[in-house]
Amino acid sequence: MIKSILASVLLATAAVQASPALTERGFENANNDDPYTLPNADRNARARAAAIDVKRQGWQYSEFPMGVAYYPTGTLANKTIAKDQETWLPPILEKSAAATKESVIALAAINSKGGFNKLEDYVNLYDGQWPEAFPEGPIPGILTNFTDDRTFSMMRLSAAPYRVKRVKPSDTLLFPVDDAAAITGLSLKQLQTQGRLFLQDFSEMKELDPTDKFGAGCQGYFYIHPKSGDFLPLAVRPLVKGRENSALVYTPKDSANDWMLAKMLLNQNDGWHTTWAHITQSHSAAEIPYLAAIRTLSDSHPVLVMLNRIEKTPWNIRPLLQNGVVAGAAPDSGPAYYAWTSLSGRAWANQVYASGETANFQSNYYRTFLENQGLINSPVGPKLKSFPFYDDVSVIVESIREFMTTFVNSYYASDSAVAKDSELQAWQRETVVAKVFDFPKSITSRRTLIDILTHQAYLGGVVHGVTSTNGAIGDTTSLPFAPAGFRQPIPTKKGVKDLMAFMPTPEGAVWQVVTYSAANRFSWKDTNETITYMFEDQAMLSKMTSQTRVAAQKFKSDMNAFSTEVRARKFDKDGLNRGMPFMWNVMDPNWAPYWSVV
Ligand SMILES: *[C@@H]1O[C@H](CO)[C@@H](O)[C@H](O)[C@H]1NC(C)=O
Ligand SMILES: *[C@@H]1O[C@H](CO)[C@@H](O)[C@H](O)[C@H]1NC(C)=O
Ligand SMILES: *[C@@H]1O[C@H](CO)[C@@H](O)[C@H](O)[C@H]1NC(C)=O
C-alpha cells in the first residue's frame, strides 16, 4: 500500500539517480582572491572576454520535456548540473525516506483511532506524527478554525494571494448572487460599484483531464463588509465541464455541509495552483534570466556572483518534476488522489507560463502585481483592513531592496556607469534570445538593476516559500480544508448529506502529507539556509565592496528582528491574529529558506 502511495507522489524522488561525483571542479569555479570587478575595471579585458566566450559555448539553450523556459545544456552546464546534484539531492532523499517511514506509522495511528468519520478527525493525520517530515503540522488555528468563514477568506490575503483581485466597476460580473443583499447589506452591483467586490477565477480548471477523483473550476466572490470592514466570502460557483449552464452558486446562506463543500472545492483549486504554478512562478521565472546572465556576465562580475548566490542549485528541479509527471502518468502509478492527471498538470503549468501570468518579469514585481490586482493602492474601494501577505512580504522585500541598493550603488557611481557596463547590456540583449517575458527593455539606470535583483531574490525566497517550502503543506494543501481531490462527483443539486464521502481516505490523506513534505524543510529552521542568511556568504562578501558587507550585516539583523516579531504573534481575545482565525507564520525569515529548494 505504502509503495503505491509513493509511486503516485508528484515529486517521485525514487526515480532520481544520484550522479557520479565529479573530480574536476569545472571552469566556472576557478578560484582566486581578487575582488569582483565590473568589465571596465578589469586589468585583463581580453582574457575576461575570452572566458565569457568559452562559457557561452558551454552553456547553451535546450528544450525540456517539462516545457516552460529553456533549459541549459552543454559541457559546462552539464557539469554544473551534476555537481549541484551532489548537494541538492541528499536532503531530498533523506526527506523522502523519513516521510515513507513515518507514513506507515501515521496511517496506523489514524486507523487505530477509527479512521476519519468527521472533518475534525483529520487532526489525527498530524497530531504527534511526522517527527521528521512535518513535526509542527499545519499553521496554528487552521485545523480547529476551518468552519469560520474568515479562515477561508483570509487565506486569500495570506497563504494564496496570487489569483485574487478586486473587481473593477467596469468589469462584467461573472454570475449573479441572489442572496448578496441579504448577506452583505448591498447588492452585488453596489458592492462592485463601491469597489468592495473581489474575485478568484479558476474556471479554466474545469477543462483539465480528470482522474478517478473529482474537482471543479471554481469562481469565488469575496467582499469588504460595509460596516465591519472585514474581508469575507460571498459566493462560490463550481464549474464542471458540460454542466456549465446548470452550475450552482453557493453562499454562507446554504446549509453548513453545502457551504463547506463549496469552500473546499475552491481551496482545492488554490492548492492545484500553488502546486503547479510554483514550478514556473518561482523556478522558471527566475531561472531563465539567470541562464541569460551566465551566458553574458563574467564570473568576476559582482552581479553574476550575486545571482549565483540567490539562484542556488536551480537546474535539478525540472528533471525531478518531469520524472514525477511521468511516474504519475504510468499505468502502475497506483491510486490517484489528485482530481486531475499529472500530464494535465504539466500542460496547465505551461499554459500559465505562456500566458505570462507566472512568467512575466516586471508585472510580477510584488508591488506592481498587488497594485494591478487592486489589492494595494486601489483607486476604487476601501483599503483592505488587514493584508497579512503584504505586511510580511513588504518587510522582507524592502529589506532586500535596501541591501541591493547599497550593493548596486557601491559599484556604479551613476546611472551612466550602468549604461556603460558592456556585460550588463549584453545580458539585457540576451534576455530577448532567452525569451524572458516582460524583462526591462533597457538597463540604463541603477534603479532598474536594483529592481531586477530584488525581484530575483523575491522569486526564490518569498514566492517559493509561500507556494512550496513552508507554505502549501501548512495551509493551501492542508487537510481537512484543502483536499487535493474529491471522491464523489460535484453535486448537481444542493443538500449534501455526507461530506465525508467526498473527503480523502486515510491513505489519501497520508499521501497528501508525503507529497508536500518533500518540499518542507523543518530541519533548516534557524540555520543559514533561511532568508536571514540570504547574503551571508563570507567568501563572497570578502571579495565585494565594504558597503556591501555592511549592508549584509544590516539585512541579517533586520531579518532577525522581524523573525522575533513573527514568533511573538498571538491570538487576540477574539481568537484572531491580524483578523485571521489562524496564525500565518510562513514568512518567518529564520525559517523560510532563502532559495527555491524544490
Ligand atoms: C548535456 O546533457 C544533455 C542531457 O543529458 C545531453 O543531451 C547533452 O548531449 C549533454 N551535452 C554535453 C555536451 O555533454
Ligand atoms: C552554513 O552552515 C554550515 C553548517 O554550519 C556550514 O558548513 C556552511 O559553511 C555555512 N555556509 C555558509 C555560506 O556560510
Ligand atoms: C483559532 O484557533 C486557536 C487555536 O486553536 C484558538 O485559540 C482561537 O480561539 C481560534 N479562533 C477562533 C476565532 O475560533
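For ligands, and for the atoms within them, numbers begin at 1 and follow the listed sequence.
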Atom indices of ligand 3 within 4.0 angstrom of [X] heavy atoms, with elements:
X: Gly141; result: 2 (O)
X: Phe571; result: 3 (C), 4 (C), 7 (O)
X: Asp148; result: 13 (C)
X: Pro581; result: 1 (C)
X: Thr144; result: 2 (O), 5 (O)

Worksheet item: Does an N or O from Asn145, backbone or side chain, lie closer than 3.5 Å to an N or O of ligand 3?
Response: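 Yes, there is a polar N/O contact under 3.5 Å.
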
Worksheet item: Would one find an N or O of Gly575, backbone or side chain, under 3.5 Å from an N or O of ligand 3?
Response: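 Such a contact does occur with ligand 3.
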
Between ligand 1 and the protein, tabulate every N or O atom pair separated by less than 3.5 Å, reporting distance only.
residue, atom, partner, partner atom, Å
ligand 1, 2 (O), Asn78, OD1, 3.2
ligand 1, 2 (O), Asn78, ND2, 2.4
ligand 1, 11 (N), Asn78, ND2, 2.9
ligand 1, 14 (O), Asn78, ND2, 3.1

For [Y], is there an ion pair with [X] - N to carboxylate O distance below 4.0 angstrom?
X: Glu536; Y: Lys556; value: yes
X: Asp572; Y: Arg578; value: no
X: Asp84; Y: Lys312; value: no
X: Asp53; Y: Arg56; value: no
X: Lys543; Y: Asp299; value: no

Practice prompt. Using distance alone, determine whether Asn528 and ligand 2 share an N or O pair under 3.5 Å.
Written response: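 By distance alone, the answer is yes.
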
Worksheet item: Any idea how Trp584 and Phe389 line up, ring-wise: parallel (<30°), tilted (30 to 60°), or perpendicular (>60°)?
Response: tilted

Item to complete: Can you label the angle between the Phe481 ring and the Phe146 ring as parallel, tilted or perpendicular, going by 30° and 60°?
Response: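 Rings of Phe481 and Phe146: tilted, 30 to 60°.
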
Worksheet item: Where's the contact between Asp574 and ligand 3, heavy-atom distance under 4.0 Å: side chain, backbone, both or neither?
Response: backbone

Worksheet item: Hey, are Thr184 and His225 close enough side-chain-wise for a donor-acceptor pair under 3.5 Å?
Response: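 Per modelled atom types, His225 and Thr184 side chains form no pair under 3.5 Å.
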
Worksheet item: Please, which pairs that meet ring pair (Phe, Tyr, Trp, His ring centres under 6.0 Å) have at least one residue in residues 540-576, sequence neighbours excluded?
Response: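 Only Phe535-Phe555 qualify under ring pair (Phe, Tyr, Trp, His ring centres under 6.0 Å).
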
Worksheet item: Just how far is it from atom CG of Leu453 to atom CZ of Phe403, taken to the nearest 0.5 Å?
Response: 9.5 Å

